[in-house]
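Here is the naming used below: chain letters follow the sequence lines, and residue numbers restart at 1 for every chain.
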Amino acid sequence: MSDSMDQKKESGRHASHRFGMAVDLDRCNGCGACMLACSVENNIAPVPEEADDRKGITWIRVYKASNGAAFPEARTVFVPVLCQQCGHETPCVAVCPQQAVDVDPETGIVGQMPERCLGCRYCMAACPYHARYFNWWDPVWPKGLEKTLNPAVAPRMRGVVEKCNLCHARLQAAQAKAAAEGSRDVKADDYQPACVEVCPTGALTFGDLNDPASGVSKLARDQNSFRLLERLGTDPKIYYRSKRSWVRELAEQGLSSRSKS
Amino acid sequence: MKIDRRHVLKFLGGSALGTALSPLPWKVLDDVSIWTQNWSWIPVPPKGETVIRHTTCALCPAGCGVKVRCIGTQPVALSGLPGHPTSHGFLCPGGLLGHHLPYDPRRITQPVRLDSAAHQSVSRSPEQILSDLGKALARLKTDASAGRFAIIDSLPGRSTSLAYRQLASQFPGGTYIVPADGIKKSLCVFNGVFGAAYPELGIDVERAGSILSFGADLFEGWGTPGRLLRKQQESDAGLRLTQIEPRYSNTAAMAESWLPIWPGTEPILALGLAGVIIREKAFNPGLSPAIDALNQISDFRDLLAALPPERTAEICGISAEAISRTAQEIAAHPPCLALLGGSYSGGPFGEDDYLSVNLLNLLTGALGAEGGLVPRRALPEIDPPVANLASPTDLAGVPDESIGFLMIDGTVARQSIPSAVLRRKLVRDKAVVVSFSSVATEYADLSHYVLPVPVYLEAFQEIPTAPDFPVAAFSFSVPLLSPPPAATSPVEWVNRLAGSARLDWAPLSTEALAEARIKAISGCKRGSVYSYADGAMKSNSDFASAEELGKAFRSGASWLDSAPDPVKPELTKLPYFQPETWGRLKRQVNQRIEVRSKPADETVTLMPFATAFVATASPLAGKLTRESDLYPRAGDALISPSTASRLALQEGQRAELETGKGRLGVRIRLNEAAVPGTVFVPISGSDADPRNLCEISEDSIWRATPAKLRRLDV
Amino acid sequence: MRLHGSLAFILGMLLMLGIGWFAFPLALYETIDQPLQFSHKKHTGEQAGMSCEDCHGFREDGSFCGIPTLENCENCHSEPQGTSAAEKVLFKDYISKKREIPWLVYSRQPENVYFSHIQHVKLAEIKCERCHGPHGKSETLPPYQRNRISGYSRNIWGQSISGIPSAPWDGMKMDDCERCHAERRVGASCLGCHK
């Protein structure tokens with residue numbers, strides 16, 4: 001521990017974090033507030049009328065899955081899926097010809113740079129979680145709505161890929177606030193992605209997985225917690241949890257048993 | 001020396017090398033690539049200082065506290081307010097996008113006259129419109145055949161409501177209509193049971209032991225959503241909710257158990273459960289005398305005897321075992337709240353439905369107890385500006401074809417009354433309909449004129465007590481933006497119309513009415529005030545003056561009344577103890593059983609339903625419908641696969657719904673979690689609204705309607 | 001023959017070298033005057049004695065004020081403080097009309113760039129002059145030279161057309177930032193400087 005502290009002083013680096021999230025699937029009620037708060041925070045443009053859910057841009061998207069039973073035993077689970085922030089051999093980083101995406105060693109966040117992207121969409125093919133979205137169109141907001149955009153996040157033009165970056169703009173704001181107090185360390189309370197902030201049921205928990213005392217670390221260690229497509233070995237930082245065994249079993253089966261409606 | 005081709009080529013070659021060795025091509029390349037990444041049509045968010053302000057959301061009666069992140073004076077993001085005493089940090093999807101409403105492309109910024117056939121605005125100047133309306137109003141006073149004046153107030157109890165009531169009282173037979181609020185209506189059975197000091201009832205969900213919900217959309221916008229969600233998060237046992245409804249809604253998905261009941265048989269289940277409770281003596285012991293009194297009524301005895309668990313199960317489509325289990329649950333975790341009140345889409349239930357379900361509240365002792373239905377004081381009243389204000393009327397109490405001039409205040413952004421229901425009440429071909437709205441869509445198919453009003457975040461508006469809250473509560477929705485110049489407050493429009501019609505009218509002002517309300521609250525000396533900015537709770541009596549209280553309200557604050565001391569309900573006043581009630585209930589039950597026992601043929605039962613929370617006009621709302629599959633889309637029809645196969649329908653196919661009222665094109669969506677034989681169609685504010693197909697009963701209720709569903713082969 | 005050919009070659013080369021190195025920079029940049037001839041020296045000198053942070057300061061949340069708003073000027077200039085022509089323009093065109101001064105910002109970066117002043121000034125203790133040059137001592141505001149193709153100020157690429165910085169504050173492109181970051185061995189992730 002003391003070695004890394006000295007290293008910190010020498011190089012002026014910030015402390016090393018691994019920001020992650022825990023999603024409680026028993027609490028998610030499918031309201032979609034997370035999807036809307038994300039769109040507002042990150043200036044995500046609405047897509048034209050003719051678009052469908054294959055061309056939409058939803059950095060976090062809540063899917064519906066069912067237990068496959070017939071009436072009246074049919075049950076639903078809502079699964080919010082965002083960029084899983086893969087920590088091991090991150091697929092999108094490995095395939096990008098432009099180095100338009102990188103993993104920040106200080107935060108563990110997989111950062112996408114739309115301004116560097118050339119739009120080949122190789123990363124979209126590589127991502128096993130379908131968490132990357134392509135701007136098929138330039139962003140168009142109704143007149144007047146461009147005034148309500150968030151200046152902390154740059155709007156993207158068409159032809160580039162974008163994805164969740166755990167509201168990095170809020171991390172930057174928290175870092176600025178810490179700097180104003182003379183500190184290099186972000187306070188846990190000051191940094192929370194928009195989806196976590198607005199979730200009405202408390203289904204989303206965010207924090208530093210490197211801190212064993214944090215809420216998210218405790219939930220990650222819970223016996224009912226799992227990660228999506230764990231067998232691929234991507235070491236994602238998003239943990240899902242459910243007390244219902246059918247939900248856990250569904251996750252292990254992968255994408256094939258996810259129903260459409 | 002001759003200059004020939006070779007010289008030219010050498011010259012060009014030298015130029016090329018010179019160009020390459022100069023910065024020109026490299027710099028131009030660099031600059032052009034920067035130019036291509038900075039197209040002028042990609043919006044650049046305006047910069048500025050981040051300022052946090054606060055207000056109360058005005059989009060629905062819940063009145064959640066809102067934290068507004070502004071850049072300079074421009075709101076850019078809304079979020080809930082943790083610590084807010086009623087909303088507890090909650091803000092629904094509609095509320096999250098509230099800051100987009102002022103920029104809705106369909107926004108009306110001038111008074112318009114709509115050509116209802118073409119939905120286009122007919123060009124008529126604002127002055128002409130005011131003059132037209134003034135003449136039409138004046139005619140109501142002189143010409144008896146012109147029909148009556150009526151005004152619909154979507155959010156009654158505000159000081160603005162006084163202006164409406166005053167206007168209505170200017171005309172003979174002038175009617176002030178309050179649309180039925182699902183929650184308020186469900187508690188009507190118990191009106192007055194706590195005496196004159198407590199004219200209202202609140203629902204104490206925080207301390208309820210268990211909840212029996214007959215179709216109440218508890219996790220999708222019921223009452224003040226933050227209360228339920230907080231209880232669910234904080235209590236280890238959750239809400240102990242049994243959700244009883246024909247569709248596996250998001251609320252049913254969150255409930256501890258779901259009873260998939262056949263639509264229309266809710267009162268029968270309630271009576272069946274009541275029977276079990278009485279037979280097993282699981283009722284609240286203090287009610288023994290009341291039970292004895294009930295048992296004297298022969299119709300009551302007959303009715304309950306006719307609905308043992310097996311029979312009830314047969315009629316309602318759920319198992320007898322589930323019924324017994326539910327009855328046990330009610331007894332094991334008192335107090336049990338029985339709630340009947342569906343989403344606003346389905347409209348109110350009938351009187352008899354409320355009677356049956358509320359019987360459970362009576363039997364379990366929830367009436368007047370902590371964790372049940374509690375006595376609630378009214379908001380401190382303002383002295384009415386004039387005497388003899390028109391009293392609130394139910395829509396059902398208005399005769400058909402009697403309204404000659406209808407004004408609609410659509411402040412609450414939900415079209416809660418289907419146009420077909422309203423159209424029936426209008427004098428045919430002669431009635432004039434005016435709505436106060438910020439967009440043309442609400443009631444557009446009915447309105448002849450739309451008068452623009454400021455929208456949420458532009459309007460200074462009262463938020464009275466939410467229907468479900470256990471104590472009186474009040475806050476203001478504070479404006480953070482300026483409205484378009486011609487968008488005036490409803491009170492001011494009323495002043496102008498009264499002036500144009502040359503009525504004997506003393507002008508009212510929104511400001512003066514607000515001041516009067518603040519004074520009334522300050523004067524009652526009760527309760528406490530929560531200030532949004534610093535999260536401080538201060539006793540009402542600690543405010544030195546009404547002005548100081550007013551200042552707190554204007555920067556974002558919420559007043560809560562203090563809880564009254566326990567009051568014993570006057571049970572003898574209740575309709576349950578009158579024999580006629582049970583005769584009527586018996587007839588209604590038999591009617592329902594008859595409808596239910598009709599054999600399943602080609603018909604399905606059409607059930608309109610509302611998607612969760614408030615509909616929002618923001619383009620980002622498409623993220624939930626088009627860009628994902630999370631919410632159903634307008635035009636979807638959810639049916640169970642077994643029904644679909646009976647009717648030879650498949651997922652995604654286009655089909656047609658037909659009832660006695662008309663036809664509607666829909667898109668089939670298979671849903672295993674819908675009761676077979678039903679078809680659920682989400683409502684929308686347009687011509688494609690399924691409620692227009694529903695049968696509307698005498699008391700303006702639209703519910704389960706038999707319909708034909710067939711494939712469209714195109 | 002060959003001599004003449006070489007001559008043509010050399011002529012061509014010299015011509016394009018001349019155009020590329022001398023005429024091109026003149027044509028590429030468009031000089032625009034600032035709306036007001038603000039004198040930093042007047043404000044930072046002995047008379048007023050202000051420091052950079054008095055106008056270009058930080059807010060409580062750590063955000064940077066940037067170019068001050070009119071309100072900031074009005075703190076002192078609610079009444080004329082001197083007799084200069086610039087101040088007369090200030091009153092006539094801006095304070096009396098309550099109109100914000102449309103300054104042309106030399107260091108304006110593209111939308112996707114995120115620069116945290118407070119982390120550099122307070123934590124890394126870098127002086128303003130390191131990146132902005134001796135701007136605070138200038139009598140007049142230097143002319144704003146706008147690149148006709150990219151739209152950005154000449155200060156971003158650097159004054160010299162070669163792209164080789166003549167001073168530490170000559171140039172504010174990504175490689176200029178990267179150089180210093182590499183020297184101090186700090187923050188190498190992309191999102192650290194982009195948004």
(Q) For chain C, which candidate among B/D31, B/T50, B/L17 shows the most heavy-atom pairs at distances under 4.5 Å? (A) B/D31
Q) In terms of heavy-atom pairs under 4.5 Å with chain C, which of B/D30, B/L12, B/V8 leads? A) B/D30
Q. Centres of the C/H132 and C/Y106 rings: under 6.0 Å?
A. no
(Q) Would you say the rings of C/F9 and B/F11 are close, in the sense that their centroids are separated by under 6.0 Å? (A) no
Should the pair [X]-[Y] be classified as a salt bridge under the 4.0 Å nitrogen-to-oxygen rule?
X: B/R554; Y: B/E511; answer: yes
X: C/K173; Y: C/E178; answer: no
X: C/E111; Y: B/K47; answer: yes

**Q.** Engaged part of C/L15 at the chain B interface, taking heavy atoms whose separation is under 4.5 Å
**A.** side chain
(Q) Please classify the contact between C/L28 and chain B as side chain, backbone, both or neither, with a heavy-atom cut-off of under 4.5 Å. (A) side chain
**Q.** Winner by heavy-atom pair count (cut-off under 4.5 Å) against chain B, out of C/N112, C/I19, C/N147, C/L14
**A.** C/N147
